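If you read the sequence from its start, that first residue is 1, and numbering goes on from there. Here the structure is a predicted model, which is why all the values come from computation and not from measurement. Just follow the structure's listing: the first ligand is 1, and inside any ligand the first atom is 1.
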Amino acid sequence: MPPRIDLRSDTVTQPTPAMRQAMAAAVVGDDVFGEDPTVNALETLAAARLGKEAALFVTSGTQGNLASLLAHCGRGDEVIMGDQAHTFLYEQGGSAALGGIHPRTLPNQPDGTLRLEDIAAAIRSDNPHFPVSRLVCLENTHNRCSGACLTPDYTAAVAELAHRHGLKLHLDGARIFNAAVALGVDVQELVRPADSVTFCLSKGLAAPVGSVICGPADFIHRARRARKVLGGGMRQAGILAAAGIVALNEMVERLADDHAHARLLAEGIAELPGIRLDLKRVQTNIVIFALDHPRLTPAVLVEELRRREVGILAIGGNQLRAVTHYGIEREHIEEAVAAFRAILTTGIG
Ligand code: TLP
């Protein structure tokens with residue numbers, strides 16, 4: 001049973017009633033033949049919304065990033081990315097395992113950026129000893145960096161640097177709409193500099209399944225081939241795409257509520273004994289904090305919260321993560337804060 005107040009991830013959202021209705025009513029066809037009208041409608045909508053030429057519906061964020069990397073890079077090519085990037089840490093090294101793509105990691109700064117000078121220094125010259133630098137990847141918002149937002153200016157500066165050296169820029173925009181809402185900018189501003197972007201329908205936007213890759217038509221053509229070899233050629237996938245259309249049309253503005261709830265949670269626990277949390281770093285729906293408590297380890301805190309029907313994740317070392325999303329209301333956050341307080345203050349003071 002999942003915990004009643006499930007802050008482990010925004011991937012746990014349930015589809016909305018409007019999504020279930022749209023799914024039941026979806027007109028479908030064989031998408032591998034390009035004949036599913038609902039998938040086609042989602043792809044057209046997503047491309048227009050992000051200001052890109054074309055789009056491709058994929059099964060997951062992981063598949064979207066991998067198909068994008070396979071479409072940009074050949075075997076032995078090098079991709080530059082952050083050492084805290086989801087693609088580096090949490091996607092099984094799929095681009096190396098399946099694509100022979102060589103990852104070059106650079107230190108992610110706490111704000112999710114890579115230093116421009118680090119990127120410039122990592123780009124290889126033409127030398128038979130070296131792999132060919134082909135691609136830079138950024139992540140916005142940055143999951144492992146507390147949901148930090150990359151700005152349009154920063155993204156444009158990285159794109160300019162990459163393009164000047166003949167590299168492309170891919171954006172893992174799993175939560176790009178969280179960044180757009182938090183920064184108060186049109187999502188197109190955030191993705192314009194990038195050659196390709198993957199965003200997720202199944203995180204804060206609450207669709208049950210799926211992500212979308214957006215980019216130029218020739219790139220999407222290659223990504224479509226990559227999706228097929230990865231086993232992602234779905235057939236009557238309009239059932240799923242229908243929920244994605246509702247997600248894009250109805251679920252973006254409400255992300256502001258998730259951000260307000262994350263802030264409420266962060267403010268509620270920041271002063272509790274044993275918690276180390278920098279409130280400035282909470283910009284969107286992700287709260288990452290460290291536990292340094294005389295009596296509790298992260299695993300024990302997770303277990304104690306769970307007994308009080310609150311779910312969070314231990315993410316390595318002494319760090320923990322809580323994520324707000326559709327279905328989590330203010331009262332849930334207040335309950336969660338009370339649970340933290342009861343656990344952390346017992347036997348102290
Ligand atoms: N992130 C999940 C877990 O895999 C850690 C989560 O709970 O946050 N890019 C980013 C930035 C992500 O956060 C995720 C999922 C993905 C890609 C992959 O998406 P899926 O889970 O759809 O493959």
Side-chain touch Thr297/Leu291, heavy atoms, less than 4.5 angstrom: no
Non-hydrogen atom of Arg8 closer than 4.0 Å to ligand 1: no
Within-cut-off N or O pair, His86 and ligand 1, under 3.5 Å: yes
Over 12 foreign heavy atoms within 6.0 Å of CZ, Arg104: yes
Option of least heavy-atom distance to atom 11 (C) of ligand 1 (set: Glu91, His142, Arg144, Glu139): Glu139
Where ligand 1 meets Ser60 - atom numbers and elements under 4.0 angstrom, heavy-atom basis: 22 (O), 23 (O)
Geometric N/O contact Asp172 with ligand 1, under 3.5 angstrom: yes
Candidate with minimal heavy-atom separation from atom 7 (O) of ligand 1, of Gly61, Gly210, Ser9: Ser9
Glu303 with Arg306: basic N within carboxylate O range, under 4.0 Å: no
Pair Asp258-Lys203, salt bridge (Lys or Arg N to Asp or Glu O under 4.0 Å): steps then yes or no: CA-CA 12 Å; Asp258 298 344; Lys203 299 199 167 63; over 6 Å; no
Main-chain N/O of Ser68 paired to His170 side chain as donor or acceptor, under 3.5 Å: no
Region of Lys203 engaging ligand 1 - heavy atom pairs below 4.0 Å: side chain
His325 and Asn285: side chain donor to acceptor below 3.5 Å: no
Region of Thr62 engaging ligand 1 - heavy atom pairs below 4.0 Å: both
Full working for side-chain contact (heavy atoms from CB on, under 4.5 Å) between Leu42 and Leu248: CA-CA 9 Å; Leu42 170 64; Leu248 273 178; 4.0 Å; yes
For ligand 1, the portion of Gln63 having any non-hydrogen atom under 4.0 Å away: neither
Heavy-atom gap Arg175 to ligand 1 smaller than 4.0 Å: yes
Proximity of Ala174 to ligand 1 by residue part, where a heavy atom lies under 4.0 Å: side chain
Arg321 contact mode with ligand 1 (heavy-atom cut-off under 4.0 Å): side chain
Check: His72/Ser196 side-chain N/O donor and acceptor closer than 3.5 Å: yes
